[in-house]
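Atoms considered below: every heavy atom in the structure, side chains included; atoms not considered: hydrogens, waters and symmetry mates. FYI, the numbering just counts along the sequence from 1. Since this is a predicted model, take the numbers as computed values, not measurements.
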Amino acid sequence: MKLLATAATAMFAVLTLGQAFAASPEDTIRQTLNERIPQLTKIDEVRTTPMQGLYEVRVGTDVFYTDAQGNYLIQGELIDTQARRNLTEDRIKALTAVKFSDLPLNDAIKVVQGKGERQIAVFADPNCGYCKRFERDMQSVDNVTMHVFLIPILSPDSVEKSRNIWCAKDQAKAWQDYMLKGEKSTSATCDTKALERNLAFAHKYKITGTPTIVFTDNTRVPGAISAKDVEKRLSSAK
């Protein structure tokens, strides 16, 4: 009996040790997906979701879903039907939120109107018609500094136009002359790595449309808005 008891104790210890070293679902998912899908070798995060048995796999700001073994991968949206919320959309918004304090303002054109005490940031392409409309509307907004991040994404010559504006002696004047009057900047060359960084920043935070406006309270607005709406948002940001 004593021998049986000793054997049982040893078996229990082995089982306990095995459970302690058993791979977690997160580790299993990483290993499985890394082996089967080379594109997912750089998984930033694996975490549970409100849906039992479903896990979120995050690669940068891209979100996928899988089971605990990583046997199935879903690229789509997770909807909470009870709360009537798009959980995937909420998650991506959180991942791509832009903090105004984190913006690399040295990579932007600084346009000052009046005292320039209030601030906004705008991601824009010189070929963007809505950006031109927004620029015209902004002429009636006083006491504001507009930080314009050039992201040439709309057409091949957006790169050339952005380069000439960025390399101009007076960047703000070159920007407004083109956006408000259609006057092109003369051909110029300089260090344009700032434009490359702007494109990388836009890609990271999924800024895919122009204009995209960011206020100092970190509110992000896609598309052109009226001067009245800008004033309202500036007051709220204050």
Note to self: Are the side chains of V144 and V112 in contact, using a 4.5 Å heavy-atom criterion?
What the structure shows: no
Check: Do the side chain of E56 and the main chain of T48 share a donor and acceptor less than 3.5 angstrom apart?
Finding: no
Margin query: Going by the rule side-chain hydrogen bond (donor to acceptor under 3.5 Å, both in side chains), which residues pair with T32 if we only count those two or more places apart in sequence or in a different chain?
Written below: none
Check: Is the side chain of D177 donor-acceptor paired with the backbone N or O of E183 at a distance under 3.5 Å, no angle test?
Finding: no
Margin query: Which heavy atom of P50 sits nearest to which heavy atom of L87, and what is that distance?
Written below: CG-CD1, 3.9 Å
Notebook entry, point to check: Does I92 reach the side chain of T61, with side-chain heavy atoms less than 4.5 Å apart?
Noted result: no
Note to self: When you compare the side chain of H147 with that of V122, does any pair of heavy atoms fall below 4.5 Å?
What the structure shows: no
Next item on the list: Keeping the roles fixed (side chain from T66, backbone from Y72), state whether a donor-acceptor pair exists under 3.5 Å.
Entry: yes
Next item on the list: Identify the heavy atoms of T49 and L54 that sit nearest to each other, and give their distance.
Entry: OG1-O, 2.9 Å
Next item on the list: Only pairs at least two apart or in different chains count here, so list each side-chain hydrogen bond (donor to acceptor under 3.5 Å, both in side chains) that has a residue in residues 96-108.
Entry: D107-R197
Checklist line | M138 and I120, any side-chain heavy atoms less than 4.5 Å apart | finding: yes
Next item on the list: Indicate whether the side chain of N127 and that of K161 have a donor and an acceptor atom separated by less than 3.5 Å.
Entry: yes
Note to self: For a 4.5 angstrom cut-off between non-hydrogen side-chain atoms, does I165 reach I109?
What the structure shows: yes
Item checked: 4.5 Å side-chain heavy-atom contact, Q176 and Q139 -> yes
Note to self: Looking at N198 and L150, would you say the former's side chain and the latter's main chain have a donor-acceptor pair under 3.5 Å?
What the structure shows: yes
Checklist line | Transitive ILVMFWY cluster of I79, excluding itself - 4.5 Å side-chain cut-off | finding: none
Notebook entry, point to check: Is the side chain of N86 donor-acceptor paired with the backbone N or O of E89 at a distance under 3.5 Å, no angle test?
Noted result: yes
Exercise answer: donor-acceptor pairs, residues 208-219 side-chain atoms, under 3.5 Å, sequence neighbours excluded:
from : atom 1 : to   : atom 2 : distance (Å)
T212 : OG1    : G209 : O      : 2.7
D217 : OD1    : T219 : N      : 3.1
D217 : OD1    : T219 : OG1    : 2.8
D217 : OD2    : T219 : OG1    : 3.0
N218 : OD1    : F100 : N      : 2.8

Note to self: Looking at D142 and R118, is any side-chain nitrogen of the basic one under 4.0 Å from a carboxylate oxygen of the acidic one?
What the structure shows: no
Item checked: Taking every non-hydrogen atom, the tightest pair across A172 and K110 -> CB-O, 3.5 Å
Check: Can you tell me if E196 uses its side chain to pair, donor with acceptor, with the backbone of T192 under 3.5 Å?
Finding: no
Notebook entry, point to check: Can you name the residues that form a side-chain contact (heavy atoms from CB on, under 4.5 Å) with K42, not counting sequence neighbours?
Noted result: none
Next item on the list: Would you confirm whether R58, through its side chain, and G60, through its main-chain N or O, come within 3.5 Å as a donor-acceptor pair?
Entry: yes
Next item on the list: Just jot down the side-chain contact (heavy atoms from CB on, under 4.5 Å) partners of L40, sequence neighbours excluded, or say none.
Entry: L33, I37, I43, V59, F64, L73
Checklist line | Pair F134 + Y130: ring centers closer than 6.0 Å | finding: no
Notebook entry, point to check: With side chains defined as the heavy atoms from C-beta onward, is the minimum distance between R233 and V221 less than 4.5 Å?
Noted result: yes
Next item on the list: Could you tell me whether the side chains of D137 and S226 share a donor-acceptor contact shorter than 3.5 Å?
Entry: no
Item checked: Aromatic contact, F201 with F123 (centres under 6.0 Å) -> yes
Check: Rounded to the nearest 0.5 Å, how far does CD1 of I225 lie from CZ of R133?
Finding: 10.5 Å
Next item on the list: Answer yes or no: is there a side-chain heavy-atom contact under 4.5 Å between Y55 and P25?
Entry: yes
Margin query: Before you tell me yes or no, could you show the steps for E135 and K181 under salt bridge (charged side-chain N to carboxylate O under 4.0 Å, His left out), namely the whole-Å CA-CA distance, both residues' side-chain angles and the distance that decides it to 0.1 Å?
Written below: CA-CA 11 Å; E135 191 71 34; K181 306 174 187 177; over 6 Å; no
Item checked: A124 to W175 - nearest heavy-atom pair and separation -> CB-CH2, 3.7 Å
